[in-house]
Amino acid sequence: MSGKPRLTYLNGRGRMESIRWLLAAAGVEFEEVYLETKEQYDKLIKDGFLLFQQVPLVEIDGMKMVQTRAIMSYIAGKYNLHGKDLKERALIDMYVEGISDLMQMILMFPFSPPDAKEKNLESIKERATNRYFPVFEKVLKQHGQDFLVGNKFSWADVQLMEAILAVEEKVPAVLSGFPQLQVFKTKMSNMPTIKKFLQPGSPRKPPPDAHYVETVLKVFKK
């Protein structure tokens with residue numbers, strides 16, 4: 001093994017994409033193993049690799065880690081993206097939890113029945129513009145700094161950037177009423193590690209398509 005973190009998931013965004021974002025933002029290269037069949041998934045369970053019979057699975061520092069939140073907390077701590085003290089860490093965790101609620105809606109959207117897609121898209125737009133983005137617009141405006149917590153780049157900034165781009169793919173003008181977030185997005189896009197991750201050919205995955213949905217249903221079928 002090369003010493004790089006090794007990520008096991010499907011060849012698509014899903015719950016692994018936020019982990020890819022965080023590693024990339026920290027400037028960490030990683031390897032990926034893609035699940036394409038139910039047999040591969042069942043073997044991981046049988047071999048005892050998946051503590052709760054779930055992926056993502058990240059092999060890092062001699063550990064086989066599962067549970068997205070635990071994995072990301074470890075990466076954020078390891079690469080100094082989790083605040084300088086307990087209060088900053090609490091704020092970062094609070095913001096990350098909020099963004100995760102919005103991302104959960106985006107995560108489930110490709111699996112919506114055709115007749116529910118329009119309604120679910122409207123829900124994403126409504127939540128983003130009325131519940132989630134106003135919070136971060138206010139935070140950035142009130143302290144007048146580039147980053148959400150302690151004027152230092154953190155896990156929360158990475159999560160927010162991922163969420164902004166994911167919502168924009170579905171609602172292109174979503175930031176029109178949020179000038180602070182527009183500035184934030186531009187600054188984040190120009191950070192060297194994030195800029196690299198946003199280039200074609202990076203490990204960033206494209207929006208989920210019908211093939212991805214089909215693979216997910218095939219691999220995880222009961």
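Since this is a predicted model, take the numbers as computed values, not measurements.
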inquiry  = Is it the case that over 12 heavy atoms from other parts of the model lie below 6.0 angstrom from the NZ atom of K125?
reply    = no
inquiry  = Using a 6.0 Å cut-off, check whether atom NZ of K185 has over 12 heavy atoms from anything other than its own residue.
reply    = no
key: Derivation of the side chain to side chain contact (heavy atoms under 4.5 Å, CB included) call for Q180 and K138   = CA-CA 8 Å; Q180 301 289 334; K138 187 178 176 184; over 6 Å; no
Side chains of [X] and [Y]: closer than 4.5 Å at any heavy-atom pair?
| X | Y | value |
| --- | --- | --- |
| Y74 | V58 | no |
| V135 | M94 | no |
| L35 | L44 | yes |
| T215 | H211 | yes |
| L7 | L23 | yes |
| L81 | I92 | no |
| N11 | E36 | no |
| T8 | E59 | yes |

Mind checking the [atom1]-[atom2] spacing from [X] to [Y]? Nearest 0.5 Å is all I need.
| X | Y | atom1 | atom2 | answer |
| --- | --- | --- | --- | --- |
| I60 | M65 | CD1 | CE | 8.0 Å |
| H143 | L140 | NE2 | CG | 5.5 Å |
| M105 | S112 | CE | OG | 9.5 Å |
| F197 | M191 | CZ | CE | 14.0 Å |
| L107 | L102 | CG | CG | 11.0 Å |
| I164 | Q182 | CD1 | CD | 9.5 Å |

Keeping the roles fixed (side chain from [X], backbone from [Y]), state whether a donor-acceptor pair exists under 3.5 Å.
| X | Y | value |
| --- | --- | --- |
| N120 | K117 | no |
| Y9 | R15 | yes |
| Q159 | W155 | no |
| E31 | K4 | no |
| E168 | V174 | no |
| S202 | L198 | no |
| D61 | M63 | no |
| Q199 | K195 | yes |
| S73 | R69 | no |
| Q53 | I45 | no |

task = Let me know which of V158, L22, V96 forms a side chain to side chain contact (heavy atoms under 4.5 Å, CB included) with M72.
result = L22
key: Partner of Y95 by side chain to side chain contact (heavy atoms under 4.5 Å, CB included), out of L160, V149, D157   = V149
ask   = When you check the gap from the basic side-chain N to the acidic O, do E88 and K152 get nearer than 4.0 Å?
value = no
ask   = Less than 4.0 Å between a side-chain N and a carboxylate O, is that true for R20 and E17?
value = yes
If you take all heavy atoms of [X] and [Y], which pair is closest and at what distance?
| X | Y | result |
| --- | --- | --- |
| N190 | T186 | ND2-O, 3.0 Å |
| M161 | S189 | CE-OG, 3.1 Å |
| A156 | I99 | O-CD1, 3.8 Å |
| A24 | T193 | O-CB, 3.3 Å |
| A128 | P134 | O-CD, 3.5 Å |

query = With sequence neighbours left out, what residues match D146 under side chain to side chain donor-acceptor pair (under 3.5 Å)?
reply = K187
query = Are Y34 and V219 in one and the same hydrophobic cluster, where Ile, Leu, Val, Met, Phe, Trp and Tyr link if side-chain heavy atoms are under 4.5 Å apart?
reply = no
ask   = Is there a path of hydrophobic side-chain contacts, each under 4.5 Å between heavy atoms of I, L, V, M, F, W or Y residues, that connects L217 with M108?
value = no
key: Residue pair F30, I19: steps toward the side chain to side chain contact (heavy atoms under 4.5 Å, CB included) verdict   = CA-CA 11 Å; F30 51 86; I19 296 168; over 6 Å; no
key: Whether F147 and F153 hold their rings parallel, tilted or perpendicular, with breakpoints at 30° and 60°   = tilted
request  = Apply side chain to side chain contact (heavy atoms under 4.5 Å, CB included) to F111 and V213, showing your working.
outcome  = CA-CA 7 Å; F111 301 93; V213 171; 3.7 Å; yes
query = Does the side chain to side chain contact (heavy atoms under 4.5 Å, CB included) test come out yes or no for F220 and V55, once each step is laid out?
reply = CA-CA 10 Å; F220 300 128; V55 287; 3.6 Å; yes
